[in-house]
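This report concerns only the one structure given below.
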Protein chains: 2
Amino acid sequence: MDELFAYLLQFGSLNQRQLDLIASKATPLALGKDAYFLEAGHVARRVGFLLEGVLRICYYDNKGDEITRNFIDEHHLTTNLRGLEDGLASSEYVQAVTECRLLVFAKRDWDELAHTMVGWSEMVHKMTAKHLMEKLARISPMMAQDATTRYREFLNNYPRLANRIPLSYLASFLGVTQSSLSRIRKNIR
Amino acid sequence: MDELFAYLLQFGSLNQRQLDLIASKATPLALGKDAYFLEAGHVARRVGFLLEGVLRICYYDNKGDEITRNFIDEHHLTTNLRGLEDGLASSEYVQAVTECRLLVFAKRDWDELAHTMVGWSEMVHKMTAKHLMEKLARISPMMAQDATTRYREFLNNYPRLANRIPLSYLASFLGVTQSSLSRIRKNIR
DNA sequence: CGCGCTTTTTGCCAAATGGCAACTGACGGC
DNA sequence: GCCGTCAGTTGCCATTTGGCAAAAAGCGCG
């Protein structure tokens, strides 16, 4: 729980009573490898804070290929990207890449904290914005680089992730085929 | 000014008095083609709302090549991406691709509106988050696609932009060379 | 240890893209 | 009208990446 508090306190100040209130809404959840936290076609009814493990966000393109759009590592929030406009079904899956432990909030509870705690809603938007900015800052430069450079960048950005992620997921995230990524790895050694 | 009001009202409700207050802080600005609205190395001191024209966000990579990271079209806000954490210098330029007309706020005024108007800060964060989500949703799928598909997607996403943007900017945005993009265009016709 | 299963690596060749330089076409100044 | 400039196009060839299939390596399990 402390990890969650530390995360939240980056975005505003909360007193002990508020922290307790937040804690009272959180439920621990363990996910096995490959289990889904959210599924495409459903409206996200919960918000998760990842304590341990790796999640990925993926979808299927129009050729039916599975594309990994993003990885989520420890001590970050995850929910439907469309979390701001409520009630929209996600087009993406959130899936456990490894065994995961999370703290989960019912979306209803999560949103209702805004009624009780002044500034909660703003904090949530700050978190979202910061999170998105980081993602964007990482993805944007990738477009203009070749596959080897993209892989190197990934190693820099997520040093603790590379060896926990199957090659195929990483390849689709980087926008190369699995075989190409395998060759890239070889050349780098 | 009505365009700005319409934009703002997407993110919360504001009464006439509040709109007037906002309007009183806005200054019109005309930018000639290629003029900079923001420059790398400076702290952004203003926030702009684009009434007419096209802006781009660009930076220089470690080979000294200029990369266009993004385009901004009419009726959107622009400021330093790091706008949330104040006081950081930008690493990017915001430049006029065509002649532009903007409404400009001193960042100080923009931020101080939060003191006068309850909910302003949350609205700003909502705008930021929505804006970033849209960008991310557009850029993410591009990684996994070939250049032709990326170009087609761009045409769908920004139908009014393609013919107002120099080929070289668009090419670097799409992550291909200018010559390749030129060939892609030819093949599509 | 040996067996199936999945993941990763390789080989082979085709297709896409880059790099460079020359060519073309539009436009404004004179 | 001529010339310089700049954006866009094209040709030629090298390099990168994709597609496919087979081989190799890792891994759990009896």
Side-chain angles (χ1 to χ4, degrees), chain A residues 32-36 53-54 56 58 60-68 71 95-99 139 141-155 158 161-189, chain B residues 32-35 53-56 58 60-68 71 95-99 139 141-155 158 161-189:
Chain A
K33 194 163 176 297
D34 297 339
Y36 291 110
V54 183
R56 67 171 185 141
C58 63
Y60 293 85
D61 69 12
N62 52 21
K63 284 178 295 190
D65 292 332
E66 177 192 281
I67 310 281
T68 296
F71 295 105
Q95 186 185 30
V97 174
T98 66
E99 305 273 317
I139 291 183
M142 294 177 70
M143 197 72 44
Q145 299 164 334
D146 65 18
T148 306
T149 313
R150 292 206 296 276
Y151 178 63
R152 286 214 161 93
E153 285 286 310
F154 177 83
L155 293 181
Y158 300 91
L161 247 55
N163 37 14
R164 299 200 274 167
I165 295 173
L167 187 70
S168 57
Y169 294 172
L170 182 51
S172 87
F173 175 69
L174 294 175
V176 295
T177 57
Q178 178 168 341
S179 358
S180 295
L181 181 53
S182 176
R183 280 183 263 261
I184 286 167
R185 272 186 170 169
K186 178 167 53 159
N187 293 335
I188 283 184
R189 289 187 232 123
Chain B
K33 195 164 176 294
D34 296 339
V54 183
L55 295 169
R56 67 171 186 142
C58 63
Y60 292 85
D61 69 12
N62 53 20
K63 285 177 294 189
D65 292 331
E66 179 192 280
I67 310 280
T68 296
F71 295 104
Q95 187 185 29
V97 174
T98 65
E99 307 272 317
I139 291 183
M142 294 176 68
M143 197 72 44
Q145 298 164 334
D146 66 20
T148 305
T149 313
R150 292 207 295 277
Y151 177 62
R152 286 214 160 94
E153 285 285 309
F154 177 83
L155 294 181
Y158 300 92
L161 248 55
N163 38 12
R164 299 200 273 168
I165 295 173
L167 187 71
S168 57
Y169 294 171
L170 182 51
S172 87
F173 175 69
L174 294 176
V176 294
T177 57
Q178 177 169 341
S179 358
S180 294
L181 181 53
S182 176
R183 279 184 264 261
I184 286 167
R185 273 186 170 169
K186 179 167 49 158
N187 292 334
I188 283 184
R189 288 187 235 123

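Per chain, numbering begins at 1; letters A, B, ... match sequence-line order.
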Exercise for the section: In whole angstrom, give the distance that lies between atom OH of A/Tyr151 and atom P of C/dT8. Expected result: 11 Å
Problem - Pair A/Thr177-A/Ser180, side-chain donor/acceptor within less than 3.5 Å - result: yes
Practice task
Report the distance from atom CG of B/Asp146 to atom P of C/dG18, rounded to the nearest whole Å.
Solution key: 11 Å
Practice task
Measure from CE on A/Met142 to P on D/dT17 and round the result to the nearest Å.
Solution key: 13 Å
Completion exercise
B/Ile184 atom CD1 is separated from C/dG18 atom C1', nearest whole Å, by 12 Å
Practice task
Report yes if the distance between the aromatic ring centroids of B/Phe71 and B/Tyr158 is under 6.0 Å, otherwise no.
Solution key: no
Practice task
Using a 4.0 Å heavy-atom cut-off across all strands, classify A/Ser179 as base, sugar-phosphate, or nothing.
Solution key: base
Problem - Check: B/Arg183 side chain, D/dG11 base, donor-acceptor under 3.5 Å - result: yes
Exercise for the section: Pick base, sugar-phosphate or nothing for B/Arg189, based on heavy-atom distances below 4.0 Å to the nucleic acid. Expected result: sugar-phosphate
Practice task
Would you mind reporting whether A/Gln95 and A/Tyr169 have side-chain heavy atoms less than 4.5 Å apart?
Solution key: yes
Exercise for the section: With the side chain of A/Gln178 defined as its heavy atoms from C-beta on, choose the nearest nucleotide among C/dT8, D/dT17, D/dT9. Expected result: C/dT8
Exercise for the section: Give the intermediate values and the outcome of side-chain contact (heavy atoms from CB on, under 4.5 Å) for residues B/Tyr151 and B/Val176. Expected result: CA-CA 10 Å; B/Tyr151 177 62; B/Val176 294; over 6 Å; no
Handout entry: Length of the line joining B/Asp65:CG and C/dC20:P, which is rounded to integer Å
Key = 10 Å
Practice task
Starting from C1' on D/dC27, measure out to NZ on A/Lys33 and report it in whole angstrom.
Solution key: 11 Å
Handout entry: Minimum-distance nucleotide (side-chain atoms of A/Arg185 versus D/dG18, C/dG19, C/dT9)
Key = C/dT9
Handout entry: Phosphate OP1/OP2 of C/dT9: any A/Ser182 side-chain N/O under 4.0 Å
Key = yes
Completion exercise
Whole-Å distance, B/Leu181 CG to D/dT10 C1', equals 14 Å
Practice task
State whether B/Glu99 and B/Arg164 are salt-bridged, where the test is any N-O pair (Lys NZ or Arg NE/NH1/NH2 against Asp/Glu carboxylate O) under 4.0 Å.
Solution key: no
Problem - Rounded distance (Å) that lies between atom C1' of D/dA7 and atom CD of B/Glu66 - result: 14 Å
Problem - Nucleotide nearest A/Lys186 when distance is taken to its side chain, options C/dT17, C/dG19, C/dT10 - result: C/dT10
Problem - Residue B/Ser180, side-chain heavy atoms: nucleotide from D/dT17, C/dT8, C/dG18 that is nearest - result: C/dG18
